[in-house]
Structure formats: structure tokens, C-alpha cells
Amino acid sequence: MTGQVSERPTDFIREIVREDLKTGKYGGRVNTRFPPEPNGYLHIGHAKSICLNFGIARDFNGLCNLRFDDTNPTKEEVEYVESIKEDVRWLGFDWQERMYYASDYFSVMYDYAVQLIRMGKAYVCDLSPDETRQYRGPLTGPGKESPYRSRSVEENLDLFERMRAGEFPEGACTLRAKIDMASGNINMRDPVIYRILHAEHHRTGNKWRIYPMYDFAHCVSDSIEKITHSICTLEFEDHRPLYDWFLDQLNVYHPQQIEFARLNLSYTVMSKRKFLQLVDGGHVRGWDDPRMPTISGLRRRGYTPGSIRNFCDRIGVAKRDSVVDMALLEYCIREDLNKRAPRVMAVLRPLKVVLINYPEDQTEELDAVNNPEDPGMGTRRVPFSRVLYIEREDFREDPPKQFYRLAPGREVRLRYAYYITCVKALRDEKSGEITELHCTYDPATRGGDSPDGRKVKATLHWVSAAHAVEAEARMYNYLLLKADPDDVEEGKDFKSIINPDSLEILSSCKGEPCLADAKPGDRYQFERLGYFCADPDSSAERPVFNRIVTLKDTWAKVEKAQKGK
RNA sequence: UGGGGAGUCGUCCAACGGCAGGACGGCAGACUCUGGAUCUGCUUAUAGGGGUUCGAAUCCUCUCUCCCCAGCCA
């Protein structure tokens, strides 16, 4: 059992936890939390945090709470609460009965605020937002104390009570902590604790006219829930003194805040603000567009929860800013699907092939294995006949060096079927485009093996024309042309490097018959092409597939190298 | 001209005074009825200068570079 823990990925946070367990700092308890604000959809950066928090709880026999940080009613909605719950669950984590809201604690927070006032540690300030900013001072010098800083406890109590009662308009005043206007840390210059917001809250309705700020609400919520390790991202590092200050002043249970570097992924963006620009600008179809690194986008794309968890384990946890290569995410989904996805043949860009020596009205059923990595997945029968489709790019009239697929006079294997030889390429007079291939087949090679032992350089996938299922394939590529979203011309932003080919729709794909049964969410490997997932847009007559990821493509690499020369 | 953080292969993470290691990527090869998968090999790194030490990525010191902070957002 001890081995179990040590085999898990370790990182500096787990080391802290391990040490705290050893010294009995929290009585042997571990309790983390995942604290999203319900103001948008979760993305793979959140997945990193979810895997970290729930993972630590799992590894150390502790608990992880789900807590909605809902202290700003102007931005938050129930819709997001539901989607977040769905995403966390889908990722495979369970908060059991521990789902909380910061808004559950509004009364306690109010009492704590009153306590701070009584201690002379908080005051009601009438400065306008603009004045507050001015008084706060610059980064490089001290701020100025508010003229309202020395109000009496009684006056502050009265004013704060009236703030709560809704007597003042928004922005009229705030409750501020009395700390140090000269602090080098901006966060300690009398930060706002409560502001007036005449907004309806998605859970507390119109009960409150004042709402606590993050710095106050978060540490208090952690304290109430008896969190042991409050894990957050780097940008909160200089909020930590404030986190500690509140809890010290209130003299209550005190968790420790630990910061780690957020996830960045190459060739994409990772912030709600930028997602919004993509959606609003029509660059993607929505938050769950398969090109988006949102959890809902990845799910629709066909990523498995396990592959994302594995990815999060592999990227590690540290404090330095980093950009993880998208290739690692792709590796993780290939690794997962290689073992699990049934193989199937589908032709994305069909090229008609007529086997001129194959009987006109004959059809046969050939055996194909469903997954060579897992014989337990069995075999299926695939229909074969005189007219077939093969992939357009599997034929070259004038084959370049190292291209060993089909070409005039050349013999290749049709997977699980026969060896065929191309005898003629028919072309459209006007466009010059090749419209059809005439080939002969060798009846002795049925099943794909030649009795005379002759070898063939390539094996092609194919679909029988008469039995083909019509399908649409959505081919996704990286959202951005460059790995770094900030690698743009002066004065421009990431939108200037959006990949115009991030989506290519292929609407006349041909699939083998079993694809007619594809249900949204079903994943397949289209042999030699990639992993695909049936989209909810599929209809009974016409399945739609999202390309999750390509297979590794050695020929593409060779060809690219050739062109580069 | 403040405060907080961070600098290790192309990328991400490890090494906690004792041979700089793993993963992904890349390159080469083996195998293959998927140019898939699998297997093998190779490639490349401690930001810089001083110091302490038998020994430094690790400790000290100076310098350089990068990131975050001036919401009544989180």
C-alpha cells in the first residue's frame, strides 16, 4: 500500500503535503478543494487543477471539495454551475456530498467583517472607484490614506449595516481593511472587502446588497471548510499575505495557500476572455467547438477523460511559466484510443476504382479484425464488390520517390481483400482531374495474402461503393498558425494568427456499413487516417465524424521534407 | 524606478552537496496486411561571473533574462 503512494507522480506540492502529514500539521488530514467561479466553461487548464486537487486527495487518503466561488452576481449564472459539475464528473472525479458555494457563507463573512470593524481593522470608505485607484498609488511608490480611514467603530458599524440594508447606490462606498497604504504589495493597501452590488444572485436572490471580494471570501471559505492545502495559480502569490492577514486577524482555522504555474498549451489560447473573442468573432462555432481547449470542446472532439487525466499527470506541476507541447496531448489520446478504438475503413476523399476482371454482380464478405491490439474485440465482415472507393491521395499518376502506394502499373494490397494492379487512369477532359481508376485484381490473393509469396509495398483502405455509408468528416487542425499566441505583429493580437484551415469539412466521405450504427460519442480508428468521434450533429442517414487526431503519418513527413528541398 | 515569483535537452518534468535522468518531439534502424502500433539506437540542457567545498544544477554572492501585481473581477 505504501508503494501505491510513491508510484504516483510527485511534485513540490505533494512533497509539502507529505511533510505536513509527517509532522501532523493538520492532524493527519488532507482536504483540498477545486474552487471555480461559475462564470464560464472549464478548460484543460482547469483540468490540471482538478487533477491536482482531487489527485492529492486520492493519493493521501484525503478529501477534495467542489466549491463555487460565487461572490460576483453580475457575472455568474446557474448554467455554468451545471456545466462545471458535468465536466468535473466527466473527468472522473467525485466530490461526494461536499459541494459548496461561497455564497453559503455570506452570513458568516458578514459577521467576520463586523468583527474586523469592531477590532478597528476595517472601515467604510466613501471614495469613488476612481479616487480609490488614485489613493492606492503607483507600483513604485506609496499610496495615500483615505480620509475616511479614521472613522469611529460606531460610525463604521452603522454605515456597514446600512450598506447591507441597501441604503446606498452601487459604488457609493466600500468596506476596506485597514492595513498599510505604503506597502510594497498593492494588495495590502487597504483592500476592499465588500462592495455594493444591487444585483440578483443566482442562489441568494435579493437577500444581499453587498458582496464580499475574492480575497476575503476565499480565505474565509477555505477556513470554514477546514481546507488544509489551498492550491491556486501563480498570480495569487502576492495575495497570500492578505489571505494570511485576514485569517490571522480573525484568529480562525488557517489553511495554507500554495501556488503553481497554470497550464499553457501551444497553438491555442487558454483564457475565458480569448475564448469569448473566438466565439463572438465567429472563429469557432461555440464553447464546445471541437477546436476549443475547453473540456466540452475536447469531449465533443472525442478526447477521453482518461487521456486528459494521463496528460495532466505527465505535464507535472511546478512554479515556472511553461508551455506544454500540443503534441503531448495528442500522444495521450492516441495512446488511449490505440488500445480501445475499433478499427474501421472509411474513405475521406473518394476515388472510384473499377475492378475490370471482377464479376459484375458479385459481392463477397471479407473478414476484418476490429482491433489488432486487442483480439478480444473480435472480427467483422466487410462487403467487397466490383466498384470501390479508395483514398484519392493513395494514387499518384506520377509517383514521387518513396511513394509506394498505387500508381499506373503498380500492385498494392486492399486491406483484408485482394492485391490489385492499376491498369488505367481515366480523367476528365476539361479539368484534367482523375475521375476513375481501372484495376485488375488477383483472385488468388483473397484475404490479402499472396500464395506465391510476392510482396507488395502498400496496403490501402477501401470501401465498397454499393455498400458505402455516406458521411461527413470534420477535419480539425491547430487553431493557431503559431505555437505562441503572442507571436504576432506589433499592434495585433492572437486573432491575426488564427489558422484559416482549422476546420475542413469533407462532405462526401464513404464508410463501411457498420458506421451506419455510429452513435454520437462513438470513437473509431479510421484505418491509416486517424481517430474519429461521431458528432451529435449526426443523423440516422448521415453520420458526422470529428477527427480527434491523425495517426502518425510517416509519408506526410517524407513528403513535407521532399517539398522543403 | 516598489513588491512577489521563476530560470535544467526543442518542449514539459526530475535530480533535495556525490555519474544531469525520464517523457514528448526530432533523427536513424528493425518489424509490420494500417507508412498505424511495437521494438532498438541516437540527438540535445544546468542563464552568466565570482566564491565555499574533495566534490555544486543544488549552498553563498553579484549580474542578466523572463513572468505577475496599481478591478468596487476571480
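Throughout, a chain's letter reflects where its sequence line sits, starting with A, and its residues are numbered from 1.
- In the set G36(B), G35(B), U11(B), the nucleotide with an atom closest to the side chain of Leu551(A) is G36(B).
- Residues forming a ring-ring contact (aromatic ring centres under 6.0 Å, His included) with Tyr101(A) (at least two apart in sequence, or on another chain): Phe68(A).
- His461(A) comes within 4.0 angstrom of nothing in the nucleic acid, heavy atoms only.
- Once rounded to the nearest 0.5 Å, the distance linking CG of Leu175(A) with CG of Leu159(A) reads 10.0 Å.
- Straight-line distance between the P atoms of G17(B) and A57(B): roughly 13 Å, to the nearest whole Å.
- When heavy atoms are screened at a 4.0 angstrom cut-off, Ser183(A) is found touching no nucleic acid atom at all.
- Among the nucleotides G3(B), C12(B), A74(B), the one closest to any side-chain atom of Arg195(A) is A74(B).
- With G35(B), C12(B), C13(B) as the candidates, the nucleotide lying closest to the side chain of Val324(A) is C12(B).
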| Given the rule that a pair is Watson-Crick or G-U wobble with both distances under 3.5 Å, how would you write RNA chain B in dot-bracket, using | for pairs to a different strand? | .((((((..((((....[..)))).(((((.......)))))....(((((..]....))))))))))).....
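- The shortest distance between the side-chain N/O atoms of Thr10(A) and the OP1/OP2 oxygens of A14(B) is not below 4.0 Å.
- The cationic atom of Arg413(A) (NZ for Lys, CZ for Arg) does not lie both less than 6.0 Å from the six-membered ring centre of Tyr418(A) and within 45° of the ring axis.
- G71(B): glycosidic angle within 90° of 0, hence syn.
- Rounded to whole Å, the distance from CZ on Phe403(A) to P on G35(B) is 11 Å.
- Within the nucleic acid shown, Lys457(A) has no heavy atom closer than 4.0 Å to any nucleic acid atom.
- The salt bridge (charged side-chain N to carboxylate O under 4.0 Å, His left out) test applied to Asp449(A) returns no partner, not counting sequence neighbours.
- Counting heavy atoms of neighbouring residues, nucleotides and ligands inside a 6.0 Å radius, atom NZ of Lys272(A) exceeds 12 of them.
- Nearest to the side-chain atoms of Glu237(A) among the listed nucleotides C12(B), G4(B), A74(B) stands G4(B).
- Looking at the side chain of Ile315(A), the nearest of the listed nucleotides C12(B), G26(B), C68(B) is C12(B).
- Atom pair Asp553(A):CG and G26(B):P shows a separation of 11 Å (rounding to whole Å applied).
- Whole-Å rounding puts the Asn187(A) CG to G5(B) P distance at 13 Å.
- The salt bridge (charged side-chain N to carboxylate O under 4.0 Å, His left out) test applied to Glu131(A) returns no partner, not counting sequence neighbours.
- Of the candidates G36(B), G3(B), A70(B), the closest approach to any side-chain atom of Asn185(A) belongs to G3(B).
- As judged by a 4.0 angstrom heavy-atom cut-off over every strand, Gly141(A) is placed among residues making no nucleic acid contact.
- Between the CD1 atom of Ile16(A) and the P atom of C16(B) there is a distance of 17 Å, rounded to whole Å.
- Nucleic acid contact class of Val558(A) (heavy atoms, under 4.0 Å, all strands): none.
- Nearest-nucleotide positions on RNA chain B place Asp11(A) closer to the 5' end than the other of Asp11(A) and Tyr531(A).
- One finds no side-chain N or O of Arg136(A) lying less than 4.0 angstrom from the OP1 or OP2 phosphate oxygen of C69(B).
- Classification of the Trp287(A)-Tyr41(A) ring pair by plane angle, with boundaries at 30° and 60°, yields tilted.
- Nucleotides of RNA chain B nearest to Arg528(A) and Thr140(A) differ in position, and the one nearer the 5' end is that of Thr140(A).
- Note on Arg133(A): a side-chain N or O is less than 4.0 Å away from OP1 or OP2 of G71(B).
- Between Tyr100(A) and Tyr105(A), the ring-plane angle classifies as tilted under the 30° and 60° cut-offs.
- Between Thr554(A) and G36(B) there is a side-chain polar atom (N or O) within less than 4.0 angstrom of OP1 or OP2.
- Distance from the side chain of Asp69(A) is smallest for A74(B) among the nucleotides A23(B), U34(B), A74(B).
- Heavy atoms of Leu127(A) sit under 4.0 angstrom from at least one base atom.
- Within 6.0 Å of CZ in Arg262(A) there are 12 or fewer heavy atoms belonging to other residues, nucleotides or ligands.
- For the C1' atoms, the distance linking G18(B) with G10(B) amounts to 30 Å, nearest Å.
- Residue Lys272(A) has no polar side-chain atom (N or O) positioned under 4.0 Å from OP1 or OP2 of C73(B).
- With distances taken from any side-chain atom of Lys75(A) to the nucleotides C13(B), C73(B), U34(B), the minimum falls on C73(B).
- When rounded to the nearest whole Å, the span between CD1 of Ile390(A) and P of U34(B) equals 17 Å.
- At a threshold of 4.0 Å, the pair Glu167(A)-Arg209(A) does not count as salt-bridged, since none of the basic side-chain nitrogens sits closer than that to a carboxylate oxygen.
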Give each protein N/O atom lying under 3.5 Å from an N/O atom of nucleotides 38-42 of chain B, with the pair distance.
none

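- Legend: residues meeting salt bridge (charged side-chain N to carboxylate O under 4.0 Å, His left out) with Asp487(A), ordered by chain and number and at least two apart, are Lys482(A).
- The separation of A37(B) from U46(B), taken at their P atoms, amounts to 32 Å, rounded to a whole angstrom.
- Taking atom CG on Asp484(A) and atom C1' on C66(B), their separation rounds to 13 Å, with Å as the unit.
- Relative orientation of the His239(A) and Tyr214(A) rings is perpendicular, given thresholds of 30° and 60° on the angle between their planes.
- For G35(B), its base sits under 3.5 Å from the side chain of Arg405(A) at one donor and acceptor pair at least.
- Between the CZ atom of Arg413(A) and the C1' atom of G35(B) there is a distance of 13 Å, rounded to whole Å.
- Nucleotides C62(B) and G3(B) are separated by 15 Å at their P atoms, to the nearest Å.
- One can find a donor-acceptor pair under 3.5 Å joining the base of G3(B) and the side-chain atoms of Asp238(A).
- Side chain of Leu139(A), nearest nucleotide from C72(B), A70(B), U34(B): A70(B).
- Between Lys75(A) and Glu37(A) no salt bridge is recorded (no basic side-chain N to carboxylate O distance below 4.0 Å).
- Residue contacts for Pro372(A): at a heavy-atom cut-off of 4.0 Å it reaches a base atom on one of the strands shown.
- Contacts of Asp449(A) with the nucleic acid, taken as non-hydrogen atoms under 4.0 Å apart, include base atoms.
- As a whole-Å value, the separation of Met188(A) CE from C69(B) C1' is 14 Å.
- Between Thr304(A) and Arg340(A), the closest heavy-atom pair is CG2-NH1, 3.9 Å.
- Donor-acceptor pairing under 3.5 Å, judged by distance alone, is present between the side chain of Glu15(A) and the base of C16(B).
- Rounded to the nearest Å, the gap between the C1' atom of A14(B) and that of A70(B) is 38 Å.
- Across A74(B), C24(B), U34(B), the shortest atom-to-atom separation from the side chain of Arg415(A) is found for U34(B).
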